[in-house]
Amino acid sequence: MSRSAGGRRPRLDIEVPESWLAIYAVVRRIPKGKVASYGQVALLAGLPRAARLAGTALFHGPAELVSKIPWQRVVNAAGRISYSEARNGSDHRQRELLEKEGIEFTPAGVIRMSKYGWDGK
DNA sequence: GTTCTGACTAGGA
DNA sequence: CTCCTAGCCAGAA
């Protein structure tokens with residue numbers, strides 16, 4: 001064969017870990033107006049307890065891919081938007097996107113998961 | 001192979 | 001409610 005085994009089309013030059021792709025596949029299923037925690041996403045991706053990986057995949061993943069999925073719908077288990085100096089303000093952008101979807105924040109900046117949490121179905 | 005790191009988490013103070 | 005800690009996993013060096 002002249003093509004790589006499996007015949008899968010590359011689409012991207014950079015190589016993305018298989019587990020990251022699994023993460024993206026789950027994030028893509030989160031409905032508008034709902035949010036999921038990193039741990040929940042990892043679990044549904046078949047990577048139980050790899051919550052940190054979900055965060056890594058969304059943060060360090062290729063923008064071409066991440067920008068095509070509702071990355072803003074993933075927050076931490078406490079219902080808060082995770083902060084990091086390295087985010088360089090994208091945390092604020094995340095909140096804007098979520099509010100635009102109808103998600104409300106308490107004065108303390110918390111999303112009530114009982115109301116906006118995705119049931120995974 | 002080892003070591004370090006992090007958009008995490010549950011639990012305790 | 002906030003702050004701190006130990007445990008966790010996979011990727012990167």
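Within every chain, numbering begins at 1; the chains are lettered A, B, ... in the order of the sequence lines, protein sequences first and strands thereafter.
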Euclidean distance, A:Ile23 CD1 relative to A:Leu65 CG, rounded to 0.5 Å
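Output value for this atom pair is 12.5 Å.
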Which nucleotide sits closest to the side chain of [X]: [options]?
X	options	result
A:Arg52	B:dA7, C:dA10, B:dG6	B:dG6
A:Ser82	B:dT9, C:dC8, B:dA7	B:dA7
A:Ala50	C:dA12, B:dT9, C:dC9	C:dC9
A:Ala108	B:dC8, C:dT2, B:dA7	C:dT2
A:Gln94	B:dA7, C:dG11, C:dA10	B:dA7
A:Ser19	C:dG11, B:dG6, B:dA7	C:dG11

A:Gln72 side-chain N/O to A:Leu97 backbone N/O, donor-acceptor pair under 3.5 Å:
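The answer is no, because no donor-acceptor pair under 3.5 Å joins these two groups.
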Any side-chain N or O of A:Thr56 less than 4.0 Å from the OP1 or OP2 oxygen of B:dT5?
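No, because none of the side-chain N or O atoms of A:Thr56 sits under 4.0 Å from OP1 or OP2 of B:dT5.
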Atom pair distance, as rounded to whole Å: [atom1] in [X] and [atom2] in [N]:
X	N	atom1	atom2	value
A:Tyr24	C:dA10	OH	P	16 Å
A:Arg80	C:dC1	CZ	C1'	11 Å
A:Leu98	B:dA7	CG	C1'	13 Å
A:Leu53	B:dT9	CG	P	12 Å
A:Leu43	C:dC8	CG	C1'	14 Å
A:Phe59	B:dG6	CZ	P	10 Å
A:Tyr83	C:dT2	OH	C1'	17 Å
A:Leu65	B:dA7	CG	P	19 Å

Among A:Arg112, A:Arg95, A:Lys115, which residue meets the salt bridge (Lys or Arg N to Asp or Glu O under 4.0 Å) test with A:Glu104?
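Among A:Arg112, A:Arg95, A:Lys115, the one that satisfies the salt bridge (Lys or Arg N to Asp or Glu O under 4.0 Å) with A:Glu104 is A:Lys115.
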Have a look at [X] and say if it touches a base, only the backbone sugar-phosphate, or nothing, with a 4.0 Å heavy-atom cut-off.
X	result
A:Trp20	sugar-phosphate
A:Leu58	base
A:Arg87	base

A:Leu98: which other cluster members, linking ILVMFWY side chains closer than 4.5 Å, directly or transitively?
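The other cluster members (ILVMFWY side chains, heavy atoms under 4.5 Å, direct or chained) are A:Val35, A:Val75, A:Ile81, A:Ile103, A:Phe105, A:Ile111, A:Met113, A:Tyr116.
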Evaluate the side-chain proximity of A:Ser90 to A:Phe59: yes if any heavy-atom separation is below 4.5 Å, no if none is.
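No; the side chains remain at least 4.5 Å from each other.
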For A:Ala51 and A:Val110, find the nucleotide of DNA chain C closest to each by heavy atoms; which residue's nucleotide sits nearer the 5' end?
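By nearest-heavy-atom nucleotide position, the 5'-most residue is A:Val110.
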